[in-house]
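Just so you know, residue 1 is the first one in the sequence shown, and it goes up from there. Any value given below was found using the heavy atoms of this structure, including those in side chains, with hydrogens, waters and symmetry copies removed.
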Amino acid sequence: MHTIEPPPDNFRLLIRHASALCVLVHSLYIALFAWASVDALAALNVLSVATHALAFWLARPGGHLRAATLLLIGEITVHAVAATVFIGWGSGFHYLMLPVILVAMLSSSDHKTLKYTIAVCLSFIYLGLDGWSSENEPVYALGNTLESLLRYQNIITLLLAFIILSRGYYNVVTQAQAVLTRQASTAPLTGAINRRRLMEIGRAELARQPRQAQPIALLLCDIDHFKRINDALGHKAGDQVLQDFYRRALG
């Protein structure tokens, strides 16, 4: 089965949206941990905000998209693992790894082996984190109120991430469908509609004509002595003539 991959511009926009969401979320973490007097985690999230801001900048048009993607995936993974080990599975930081797997698979990178490797590694890290958490206590025990706030914030972040990814994938699919439709209904040389599309338009107009009672006109034209152009100047010149003729006919 062939996967539908987003064009670089679509994936660039997805990474920028994801990075912006991470900046917002980690800013909330800073406020939350500062309110709970957990200064070490507040400082860690300051670093996370800076990292995602850098990923947002790298994903700009003309920037380093692959570096931004790896930075985004790496920061979220390290942060999720560190937070789960430090404050426990109940805080919900492991949820943040789930959309990262989708980001890896949606990547516009041509290196499919790398994409699958990253996705598989992230899956094993997630499973390993689950197993570790079931056997070990967190380093720092949060109060029930703070743990609940973190868990719900992480659930909301997970849902927002899935919304962003779903919208991005929808854009990819609709764009790919539009490209395929255009390719199936136009001539590749000139971009003019082909016989198949002409018949579709004709049937639609004939079906509409009895209701609207409007006349229908069809103009046919030909290029005189076109074979002489191909014979004398070659098919490349003939192609240029056809393209120029189509542009003039539209004008």
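The two atoms that bring T69 and V103 nearest to each other are CG2-CG1, 4.5 Å, heavy atoms only. A53 and V23 get closest at one heavy-atom pair: N-CG2, 3.8 Å. The shortest non-hydrogen separation linking I87 to L41 is CG2-CD1, 3.6 Å. Nearest heavy-atom pair, I223 versus F245, reported as atom, atom and distance to 0.1 Å: CD1-CG, 3.9 Å. Closest of all the heavy-atom pairs between T84 and S133 is CG2-OG, 3.5 Å. In terms of heavy atoms, L122 sits closest to V100 at CD1-CG1, 3.6 Å.
In the displayed structure, E200 atom CD is contacted under 6.0 Å by more than 12 heavy atoms of other residues, nucleotides or ligands.
To the nearest 0.5 Å, atoms CG (L146) and CG (L142) are separated by 4.5 Å. Once rounded to the nearest 0.5 Å, the distance linking CZ of R182 with CG of L180 reads 9.5 Å. Between T174 atom OG1 and Y170 atom OH the span is 5.5 Å, to the nearest 0.5 Å. Distance check: H94 NE2 to L129 CG gives 8.0 Å after rounding to the nearest 0.5 Å. For the atom pair OG (S19) and CD1 (I76), the distance works out to 8.0 Å, reported to the nearest 0.5 Å. Atoms CG and CD1, on L160 and I155 in that order, are 12.0 Å from each other to the nearest 0.5 Å.
Looking at R151, its side chain never comes within 3.5 Å of a backbone N or O of G92 through a donor-acceptor pair. A donor-acceptor contact shorter than 3.5 Å is absent between the side chain of N154 and the backbone of L96. No side-chain donor-acceptor contact under 3.5 Å links R197 to the backbone of T186. The closest donor-acceptor contact from the side chain of R196 to the backbone of S185 lies at 3.5 Å or more, if one exists at all. The backbone N or O of L44 sits less than 3.5 Å from a side-chain atom of S48, completing a donor-acceptor pair. One N or O on the side chain of R60 and one on the backbone of W57 form a donor-acceptor pair closer than 3.5 Å. Under a 3.5 Å cut-off, the side chain of E75 and the backbone N or O of H52 do not form any donor-acceptor pair. Remark: side-chain polar atoms of D39 are not paired, donor with acceptor, to backbone N or O of A34 under 3.5 angstrom.
W35 and L28 fall into different hydrophobic clusters, defined by Ile, Leu, Val, Met, Phe, Trp and Tyr side-chain heavy atoms under 4.5 Å apart, directly or through other members. Note on V49 and I73: separate hydrophobic clusters, where clusters join Ile, Leu, Val, Met, Phe, Trp and Tyr whose side-chain heavy atoms are under 4.5 Å apart, directly or indirectly. Linking Ile, Leu, Val, Met, Phe, Trp and Tyr whenever their side-chain heavy atoms come within less than 4.5 Å puts V81 and Y140 in one cluster. Hydrophobic clustering places V25 together with V38 (ILVMFWY residues linked when any side-chain heavy atoms are closer than 4.5 Å, directly or through intermediates). The cluster map of Ile, Leu, Val, Met, Phe, Trp and Tyr, joined by side-chain heavy atoms under 4.5 Å apart, puts I156 and L24 in different clusters.
Sorted by first and then second residue, the salt bridge (Lys or Arg N to Asp or Glu O under 4.0 Å) pairs with a member in residues 123-143 form an empty list; sequence neighbours excluded.
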**OP:** Step by step, work out the side-chain contact (heavy atoms from CB on, under 4.5 Å) result for F226 and D231.
**Re:** CA-CA 9 Å; F226 181 71; D231 293 341; over 6 Å; no
**OP:** Apply side-chain contact (heavy atoms from CB on, under 4.5 Å) to L158 and F162, showing your working.
**Re:** CA-CA 6 Å; L158 173 66; F162 278 133; 3.3 Å; yes
**OP:** Dump the intermediate steps for side-chain contact (heavy atoms from CB on, under 4.5 Å) on Q153 and L149, then the final yes or no.
**Re:** CA-CA 6 Å; Q153 181 172 329; L149 286 173; over 6 Å; no
**OP:** Apply side-chain contact (heavy atoms from CB on, under 4.5 Å) to the pair I101 and Y126, showing each step before the final yes or no.
**Re:** CA-CA 10 Å; I101 297 174; Y126 187 91; 5.6 Å; no
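Taking 4.5 Å as the limit, every side-chain heavy atom of Y246 sits out of range of all side-chain heavy atoms of L242. No side-chain heavy atom of L54 sits less than 4.5 Å from a side-chain heavy atom of F56. A heavy-atom distance below 4.5 Å is found between the side chains of L72 and I15. Between L150 and F33 there is a side-chain heavy-atom pair separated by less than 4.5 Å. For the pair L58 and L65, the minimum side-chain heavy-atom distance is 4.5 Å or more.
With sequence neighbours excluded, no residue forms a side-chain hydrogen bond (donor to acceptor under 3.5 Å, both in side chains) with Y95. With sequence neighbours excluded, the residues satisfying ring pair (Phe, Tyr, Trp, His ring centres under 6.0 Å) with H79 are H26, F93.
Here R247 pairs with D244 in a salt bridge; the nearest charged N to carboxylate O distance falls below 4.0 Å.
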